[in-house]
Amino acid sequence: LSKTLRSRTEAGASSRGTSLADVALLEDWKRYVECRDEVKAAILEGETKRALDIDLGVGIERFNRVRHDFERLKLDFRRNAERQLSEASSNANQSLWKLGLLIMATLFGAGYTSRWLRQREMLEAIQVSEARLKQVIGSISEGMVVTGKTGRIELWNEAAESGLDVARSEAIGRMLFDAVPAWRESPLNQRLAQIQAKPNEPSEPFVIPDLELIVKGETRSFEIRCFP
């Protein structure tokens, strides 16, 4: 039965142009959200011990699976880009060799053209990988924000737009705390500043619960999970 289900998952992923890593990320994220909803329900019912047991037990396990899926997805994209680049490089080298045998006088021009083609193919492969990653993140119903090493926002999905009331067009390219200035003095800024101060040291994911923000006249509470 497990083999049959796996085959159907692979077939479905192939038909939609989606990798198994994409499917695993979406499924594990759904399971994690379900677990988090159970924790919230237990808290509302006054069963804090049960909520803590769920979060420390199942919650951490599912959170780590989501993190693992992200790393696996990034690795898949990197391998795919490297494979496409390798194929493009091999084809370009063969074409250059044949061209050199036929027209020695144009060897320099052919070499320049080949390098240009390789660079263009590499750029296209990277762009395709980035577009796939953005598509997966954009389809998740939870707010997600991706920043570069300098702190500038590179991705801002629809859930982040509605939750924070900041349009994607206004957020992309800006520093995170310029897009959400109310969080400039928050624990989130302090933690990120500590990580940026030690760029060569490894950093672990962290959670900041109950980070409040006033949106459209109402106070909203956010749980921030950061993957440095």
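A salt bridge (charged side-chain N to carboxylate O under 4.0 Å, His left out) check over residues 168-184, counting only residues at least two apart or in different chains, returns the pairs Glu161-Arg168, Asp178-Arg184.
Between Val166 and Ala179, the shortest heavy-atom contact is CG2-O, 3.8 Å. Contact between Ala159 and Ser162 at its shortest, heavy atoms only, is O-OG, 3.1 Å. Across all their heavy atoms, Leu176 and Ile153 have their closest contact at CA-CD1, 3.9 Å. Closest approach of Phe177 and Ser186 over heavy atoms only: CE2-OG, 4.4 Å.
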Cut-off 3.5 Å, no hydrogens considered: what does the side-chain donor-acceptor table look like for residues 194-209, sequence neighbours left out?
none

Using distance only, find each side-chain donor-acceptor pair of residues 56-67 under 3.5 Å and give its atom names and separation, not counting sequence neighbours.
| from | atom 1 | to | atom 2 | distance (Å) |
| --- | --- | --- | --- | --- |
| Arg62 | NH1 | Arg31 | O | 2.8 |
| Asn64 | ND2 | Ile60 | O | 3.3 |

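For the atom pair Ile172 CD1 and Leu155 CG, the distance stands at 6.0 Å (nearest 0.5 Å). The structure places CZ of Arg220 at 14.0 Å from CG of Leu211, a figure rounded to the nearest 0.5 Å.
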Could you give me the CA-CA distance, side-chain angles and deciding distance for Glu185 and Gln190, then say whether side-chain contact (heavy atoms from CB on, under 4.5 Å) is met?
CA-CA 8 Å; Glu185 303 300 327; Gln190 297 171 8; over 6 Å; no
Go through Leu213 and Leu164 one step at a time and tell me if the side-chain contact (heavy atoms from CB on, under 4.5 Å) criterion holds.
CA-CA 8 Å; Leu213 179 67; Leu164 298 171; 3.6 Å; yes
Are Glu38 and Arg50 close enough, and set up right, to give a salt bridge (Lys or Arg N to Asp or Glu O under 4.0 Å), and what steps lead you there?
CA-CA 10 Å; Glu38 290 181 20; Arg50 184 168 71 88; 5.6 Å; no
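In the hydrophobic cluster analysis, where Ile, Leu, Val, Met, Phe, Trp and Tyr join through side-chain heavy atoms closer than 4.5 angstrom, Ile43 is grouped apart from Ile224. By the criterion of side-chain heavy atoms lying less than 4.5 angstrom apart, applied directly or through intervening Ile, Leu, Val, Met, Phe, Trp or Tyr residues, Val180 is grouped together with Val215 in one hydrophobic cluster. Two different hydrophobic clusters hold Met175 and Trp156 under the rule that ILVMFWY side chains link at heavy-atom gaps under 4.5 Å. Ile54 and Tyr32 are assigned to two separate hydrophobic clusters, defined by single-linkage of ILVMFWY side chains at heavy-atom distances under 4.5 Å.
Atom CD of Glu218 has more than 12 neighbouring heavy atoms from other residues, nucleotides or ligands inside a 6.0 Å radius.
The existence of a salt bridge linking Glu34 and Arg36 is excluded, since no basic side-chain nitrogen approaches an acidic carboxylate oxygen closer than 4.0 Å.
Under the 3.5 Å distance criterion, the side-chain polar atoms of Asn157 are matched with a main-chain donor or acceptor of Glu142.
With contacts defined as side-chain heavy-atom distances shorter than 4.5 Å, the pair Glu212/Trp183 does not qualify.
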